[in-house]
Amino acid sequence: MSGRKRYRTRWAAWLVIAAAFGCACSAVIVRGGAVEWFFMMLTGGLVLVSGLLPFIAIRNISVSRALPDTDIAAGEQLTIRMTLLRSRRIPMVWFALEDLLNNDCGLEEKNVSLRSVFAPMFAGEMTVHYDLDGLDRGLYSLSSVTVTCGDPFGLTCVRRELPLQSELVVTPARTEEEMLGDASASRYVQSASAEDEHVRTRQALREPGVDGVPINRSGSGPDTRAYRDGDSIRHLDFRAAARGRGLQTKVYASDSYKEWHVAIDQYAAPYRGDNELFDACIGLALGAVTRASDEGNLVTLHTEDWSYMLSSSAGRDRSAGLQELRRRLALLRPSTEQADKIHLDEESVKPFRDNMLKMISADWQNTERWNRLLEEMGSQGVRLELCLLTRNTVLSFAMREQARQLEERGIPVYWMHVAGRNEQRSAAGEGVKAYAMG
């Protein structure tokens, strides 16, 4: 167990008791009176009860830990049952159980300490239930249980470490703001006029990374973009090539996006040690992926280490895929290096204007970073939307100015407010077995 020990042996008190017992023994030898014998029996009994009983009582004990489920969602209630068994039912001693849940998947390592004290007389089995509310996302490892046995006067503490390996996976919870960029999901998104929306759409369709040629809008016909290796010959614009514009690929408008890409910013610096903000970023990404899949779209979630494609077809395979995605997100850790590029699978980027990347981050100060990403996505024919998380309830002037600069480059910006919540607490459940005195 880490941290300062809660229970310890009182060596100064034992020094005084040992000196008193020695003086009593000397007085019995020299004088041998009733008072001397009484004082020697008193100090000797204290040495026997407080010094020897804890060592005898802690021998041949066993502890078991029971988890009802090793995979839960963040915010759900979890009950951990601890049971202590002893073969020697020695009275006049107490036991303390200490357990530690360690989570290192966040911006900083977080520990949840569990502790309970028993005062049995002749009971051989003691059980306690710990009710945990609001566990954060991550992988919690439980390595060992510390059992401490002491005397009723608090003079002696005997400690034993019992190895008991367990793991608990807390998957991210799907947040309320399921649809990224929806006006009902963000208090900062305001309804725009038709003219503003038209200008924003034209800006978002630019591709600065492809010879500086934007996508053209020409009446009711298909739009075009620069040709990329792997594009189908059927979608080549031969008329544009005949006019000397080079190889161009036709892209067709659709009513809704069929290919979604969602990316999570794992760079730790913008979160400034706020673990709830980082977990909210993961929760929003999970909500966007789930919503897109529910609507029948093919969606892929990208991180710095892996990419996962979630099927749009309903059934057992989709449920298993969603569960696997939750588990991967539970193990996601922040990174210390900044990643500016996201490599998309060429097979998933079809020659239609259906591809869109939603980047979820808290880095609103670094506009150059998102401009480089826009160029990278533009070279792959993918639109970019930026969802920025903040603790502020009112946007500052600097935040609005940064958003204006990004939107001028063709990056739609949406702000999401992340409210704080109460700290996680644990408590031992009450019961006759947990505090039995006989």
Side-chain angles (χ1 to χ4, degrees), residues 71-76 78 101-110 112 134-141 167-182 185-186 260-294 299-310 321-339 342 356-364 369-370 373 385-391 414-421 423-424:
D71 192 347
I72 65 171
E76 293 183 356
L78 175 68
L101 288 79
N102 178 263
N103 180 16
D104 59 351
C105 292
L107 296 174
E108 58 183 9
E109 185 175 348
K110 185 175 183 179
V112 179
L135 284 176
D136 293 332
R137 175 203 62 87
L139 175 64
Y140 291 83
S141 59
E167 284 187 351
L168 174 65
V169 178
V170 180
T171 59
R174 181 176 174 179
T175 58
E176 296 295 335
E177 297 80 10
E178 297 171 356
M179 184 63 175
L180 298 182
D182 189 359
S186 173
W260 278 31
H261 299 272
V262 181
I264 299 175
D265 183 18
Q266 297 176 235
Y267 187 39
Y271 298 98
R272 299 181 179 180
D274 193 342
N275 194 62
E276 291 185 10
L277 201 62
F278 183 65
D279 289 349
C281 176
I282 297 176
L284 286 173
L286 177 62
V289 170
T290 306
R291 172 65 68 86
S293 179
D294 293 340
V299 59
T300 305
L301 181 64
H302 301 273
T303 65
E304 295 182 7
D305 304 323
W306 49 265
S307 297
Y308 191 86
M309 180 179 294
L310 186 62
L322 185 58
Q323 185 64 25
E324 175 64 21
L325 178 61
R326 287 178 177 270
R327 185 174 181 86
R328 289 194 180 192
L329 291 177
L331 306 180
L332 192 64
R333 289 176 170 84
S335 62
T336 57
E337 297 181 357
Q338 179 177 306
I342 298 177
M356 179 176 59
L357 172 68
K358 289 181 179 290
M359 169 59 73
I360 308 176
S361 173
D363 191 4
W364 60 270
R369 177 187 180 189
W370 306 125
L373 182 60
E385 282 191 3
L386 187 59
C387 176
L388 297 177
L389 281 70
T390 178
R391 288 289 194 181
Y414 301 99
W415 297 89
M416 297 289 178
H417 170 65
V418 179
R421 60 177 178 83
E423 294 293 330
Q424 183 272 334

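Every side chain to side chain contact (heavy atoms under 4.5 Å, CB included) that N275 has, sequence neighbours left out, goes to L107, D136, D279. E108 pairs by the side chain to side chain contact (heavy atoms under 4.5 Å, CB included) definition with nothing, not counting sequence neighbours. Applying the salt bridge (Lys or Arg N to Asp or Glu O under 4.0 Å) test to D305 and every residue at least two apart in sequence or in another chain returns nothing. Taking R327 as the reference, nothing meets the salt bridge (Lys or Arg N to Asp or Glu O under 4.0 Å) condition, with sequence neighbours excluded. Every residue two or more places apart in sequence or in another chain that forms a salt bridge (Lys or Arg N to Asp or Glu O under 4.0 Å) with E324 is listed here: R328. Listed by chain and number, the residues in a side chain to side chain contact (heavy atoms under 4.5 Å, CB included) with Q323 are D71, R326 (sequence neighbours excluded). Qualifying side chain to side chain contact (heavy atoms under 4.5 Å, CB included) partners for A73, counting only residues two or more places apart in sequence or in other chains: E76, T171. Remark: Y140 engages no residue in a ring pair (Phe, Tyr, Trp, His ring centres under 6.0 Å) (not counting sequence neighbours). Scored by the side-chain hydrogen bond (donor to acceptor under 3.5 Å, both in side chains) test, S361 finds D265 as partners (sequence neighbours excluded).
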Walk me through whether K358 and Y414 qualify under side chain to side chain contact (heavy atoms under 4.5 Å, CB included). CA-CA 10 Å; K358 289 181 179 290; Y414 301 99; 5.5 Å; no
Side chain to side chain contact (heavy atoms under 4.5 Å, CB included) between W306 and L332: does it pass, once the steps are laid out? CA-CA 10 Å; W306 49 265; L332 192 64; 4.2 Å; yes
Under the criterion side chain to side chain contact (heavy atoms under 4.5 Å, CB included), I'd like the reasoning laid out for C387 against M416: C-alpha separation, chi angles, the key distance, then a yes or no. CA-CA 7 Å; C387 176; M416 297 289 178; 3.3 Å; yes
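Between C105 atom SG and L331 atom CG the span is 5.5 Å, to the nearest 0.5 Å. In this structure, E385 CD and M359 CE are separated by 12.5 Å, a value rounded to the nearest 0.5 Å. To the nearest 0.5 Å, atom CG of residue L389 and atom OH of residue Y271 are 7.0 Å apart. The structure places CG of N103 at 8.5 Å from CG of L135, a figure rounded to the nearest 0.5 Å. The distance from atom CD of Q266 to atom CD of E337, rounded to the nearest 0.5 Å, is 12.0 Å. Note that OG1 of T300 and CG of L325 are 10.5 Å apart. Values are rounded to the nearest 0.5 Å.
Put simply, the residue from I264, L286, L310 that forms a side chain to side chain contact (heavy atoms under 4.5 Å, CB included) with L301 is I264.
Side-chain atoms of L78 and L168, non-hydrogen and from C-beta on, do get closer than 4.5 Å to each other.
Pairing each heavy atom of A173 with each of A74, the nearest pair is CB-O, 3.4 Å. Closest approach of T390 and W415 over heavy atoms only: CG2-CE3, 4.2 Å. Considering every non-hydrogen atom in both A292 and W260, the closest pair reads CB-CE3, 3.1 Å. For the pair P172 and A330, the tightest heavy-atom approach, listed with the atom from each and the gap, is CD-N, 3.8 Å. Closest approach of E167 and L139 over heavy atoms only: OE1-CD1, 4.0 Å. A362 approaches L277 most closely through the heavy-atom pair CB-CD2, 3.8 Å.
Between the side chain of W370 and the main chain of D363, a donor-acceptor pair closer than 3.5 Å is present. Side-chain atoms of E304 never come within 3.5 Å of backbone atoms of S335 as a donor-acceptor pair (strictly under, hydrogens ignored).
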